[in-house]
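Because the structure is predicted, anything quoted here is derived from the model rather than measured.
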Amino acid sequence: MPAWSLVLPIKGAIGKSRLDVADAADRRELAVAFALDALDAVLTATSVGRVVVVTADEELAAGLPERVELMADPRHGLNAAIRAGLAVLDPAAPGGVLLADLPALRPDELDAALEMAAQHPLALVPDAAGTGSTLTTALRADSLVPRFGEGSRSAHEQSGHVVLAVPETSGLRRDVDSLADLDIARTLGLGRHTRAVLD
């Protein structure tokens, strides 16, 4: 099977507005660190060939590895950003969308999920709460229609995505929106960027 192409929408420094930390600068640093740790895992995963980041954060964009393809965020919301990234993928090749607030994601976890996803025309990985989606995939990238936001798991299931049996202990399911989420992610093992900010 050809390598997967993944689109990562990254808000960067303006993300994680719900993360309850005392200093706004700390929140901005953590938001960027979460995304960079997720990106590290993606770039290390053996099943991923093409990586497209969609962001409006110019500072973050300037520091991305050369392998990453950069797309400007059209600034019309998360799903519009994802559509901008999907538009440059090979429509007939396998593709996916990964939300980037996953500081405990490991490349082997992503590889395992994508191996499962290869058995289904459309698939998804739910977040730990069970109501959202952290990863959606399609064997043909032109089949991907992003329905992220509140209740995205149900919306994606209704459009034909099969829920993959990824354990709750996987960093792929542990998106971080709160300090409680961050504490749980810490028990799984945080990436180097998030550890550096917390240290």
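Residues Ala100 and Leu8 approach most closely at CB-CD2, 4.3 Å, considering heavy atoms. Scanning all heavy atoms of the two residues, the minimum distance from Ala41 to Pro107 falls at O-CB, 3.5 Å. Among all heavy-atom pairs drawn from Leu43 and Pro65, the shortest one is CD1-CG, 3.7 Å. Val54 and Asp73 make their closest contact through CG1-CA, 3.7 Å (heavy atoms, listed as atom of the first residue, atom of the second, distance). Residues Val166 and Ala113 approach most closely at CG2-CB, 4.1 Å, considering heavy atoms.
Side-chain contact between Pro9 and Leu99 is present, with heavy atoms from C-beta onward closer than 4.5 Å. Taking 4.5 Å as the limit, some side-chain heavy atom of Leu110 sits within range of a side-chain heavy atom of Val42. Side-chain contact check for Ser133 versus Arg153: some heavy-atom pair is nearer than 4.5 Å.
One finds the CG atom of Leu144 at 5.0 Å from the OG1 atom of Thr136 (value rounded to the nearest 0.5 Å). Rounded to the nearest 0.5 Å, atoms CG (Leu98) and CG (Leu172) are 6.5 Å apart. Distance NE2/His120 to OG1/Thr137: 8.5 Å, rounded to 0.5 Å. One distance of note links CD of Gln119 with CG of Leu139; it measures 8.5 Å at 0.5 Å rounding. Glu29 contributes atom CD, which lies 11.0 Å from atom OG1 of Thr194 (distance to the nearest 0.5 angstrom). The CG atom of Leu6 sits 10.5 Å away from the CG atom of Leu86 when rounded to the nearest 0.5 Å.
When atom types are taken as modelled, the side chain of Asp37 and the backbone of Arg192 share a donor-acceptor pair closer than 3.5 angstrom. Checked by atom type and distance alone, the side chain of Arg67 pairs as donor or acceptor with a backbone atom of Gly49 at under 3.5 Å. At least one donor-acceptor pair under 3.5 Å links the side chain of Arg174 to the backbone N or O of Glu168.
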Val7 and Met71: side-chain contact (heavy atoms from CB on, under 4.5 Å), yes or no, with the steps?
-> CA-CA 10 Å; Val7 173; Met71 296 288 297; over 6 Å; no
Check the pair Ser5, Asp90 against side-chain contact (heavy atoms from CB on, under 4.5 Å), reporting the backbone distance first and the verdict last.
-> CA-CA 9 Å; Ser5 297; Asp90 179 348; over 6 Å; no
Could you go through the side-chain contact (heavy atoms from CB on, under 4.5 Å) check for Asn79 and Arg147 one step at a time?
-> CA-CA 7 Å; Asn79 288 316; Arg147 293 176 169 86; 5.5 Å; no
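Counting Ile, Leu, Val, Met, Phe, Trp and Tyr side chains that sit under 4.5 Å apart, directly or through other members, Val163 shares a hydrophobic cluster with Leu124.
A donor and an acceptor atom, one from each side chain of Thr134 and Asp175, are nowhere located under 3.5 Å apart.
Residue pairs meeting the ring pair (Phe, Tyr, Trp, His ring centres under 6.0 Å) criterion with at least one member in residues 153-190, sequence neighbours excluded, are Phe148-His156, His156-His161.
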